[in-house]
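Working notes, beginning with the structure itself.
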Amino acid sequence: MRKTWWRQWFEGRAADNADALQALLTRACRQETALAFHLADRARAVRFAPHRLSLEGLAERERQNAHAMAREIGGGATLAASPAHRLGTLTATKLIQDLAETEDLYTLYRQARWLTADKILRDKLEGMAAEEDRSSQAIRRILGTMDSYVTDRPS
């Protein structure tokens with residue numbers, strides 16, 4: 001089996017930066033997994049279809065990013081732990097927690113970007129940060145209008 005591009009990058013780098021980058025990306029992978037899980041819970045509680053579809057799309061993108069990153073950095077075990085449920089109805093508090101996680105992912109990808117001089121990897125990390133920024137904007141839009149669009153059903 002051919003080595004992935006990221007794995008080749010890690011093997012060819014100085015241990016300090018490669019270890020720091022691997023640690024940041026592993027943390028981001030775990031957060032992407034948990035965020036996908038939580039956003040899917042939120043989507044089930046929204047009765048306004050455009051917002052529900054938006055959250056479902058964000059959840060799916062986070063899930064795909066987590067799985068792709070786990071494959072790339074060799075962290076299959078990274079996805080093994082199941083994130084804690086935030087049970088109950090959709091609340092602003094829960095969505096604000098998801099927003100904070102999204103913004104933290106943005107920061108992690110920006111930090112990871114500075115650990116390498118490799119343009120391809122920097123561009124990939126910058127693209128991932130931009131995706132998280134778009135996700136946080138979508139969550140903010142939902143928060144701004146969610147008062148009348150939530151259900152009383154447990155998620």
Is there a salt bridge (Lys or Arg N to Asp or Glu O under 4.0 Å) between K94 and D98 once you walk through the steps?
-> CA-CA 6 Å; K94 291 175 188 173; D98 297 335; over 6 Å; no
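- With no hydrogens or angles considered, a side-chain donor-acceptor pair links Q64 and E60 at under 3.5 Å.
- Side-chain atoms of S54 never come within 3.5 Å of backbone atoms of P50 as a donor-acceptor pair (strictly under, hydrogens ignored).
- Scanning all heavy atoms of the two residues, the minimum distance from A66 to C29 falls at O-SG, 3.3 Å.
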Step-by-step side-chain contact (heavy atoms from CB on, under 4.5 Å) determination, L125 to D118 = CA-CA 11 Å; L125 294 168; D118 186 285; over 6 Å; no
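- Taking CD1 of I139 as the start and CD1 of I96 as the end, the distance is 11.0 Å to the nearest 0.5 Å.
- Without hydrogens or angle criteria, T116 side chain to A112 main chain gives no donor-acceptor distance under 3.5 Å.
- For the residue pair E56 and A43, the shortest heavy atom distance occurs at CG-CB, 3.5 Å.
- Between the CZ atom in R30 and the CE atom in M69 there is a gap of 12.0 Å [rounded to 0.5 Å].
- To the nearest 0.5 Å, atoms CD (Q22) and CG (L115) are separated by 12.0 Å.
- Taken to the nearest 0.5 Å, the NE2 atom of H51 stands 10.0 Å off from the CG atom of L95.
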L25 and L108: CA distance, side-chain angles, deciding distance, side-chain contact (heavy atoms from CB on, under 4.5 Å) verdict | CA-CA 8 Å; L25 294 178; L108 285 174; over 6 Å; no
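- Side-chain atoms of R27 and D104, non-hydrogen and from C-beta on, do get closer than 4.5 Å to each other.
- Partners of Y109 under the side-chain hydrogen bond (donor to acceptor under 3.5 Å, both in side chains) rule, at least two apart in sequence or in another chain, are E32.
- Taking each heavy atom of A59 and L39 in turn, the nearest pair found is CB-CB, 3.7 Å.
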Verify side-chain contact (heavy atoms from CB on, under 4.5 Å) between Y106 and E131, making sure each step is shown before the conclusion.
-> CA-CA 8 Å; Y106 171 83; E131 284 181 7; over 6 Å; no
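- Here the OG1-CD distance, from T102 to Q137, works out to 11.5 Å after rounding to the nearest 0.5 Å.
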What's the verdict on side-chain contact (heavy atoms from CB on, under 4.5 Å) for E132 and E103, showing C-alpha distance, side-chain angles and the deciding distance?
-> CA-CA 7 Å; E132 296 305 332; E103 290 174 345; over 6 Å; no
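- For R113, the side-chain hydrogen bond (donor to acceptor under 3.5 Å, both in side chains) partners are E126, not counting sequence neighbours.
- Side-chain N/O atoms of R61 and S135 include a donor and acceptor closer than 3.5 Å.
- Taken to the nearest 0.5 Å, the CZ atom of R110 stands 14.0 Å off from the CE atom of M128.
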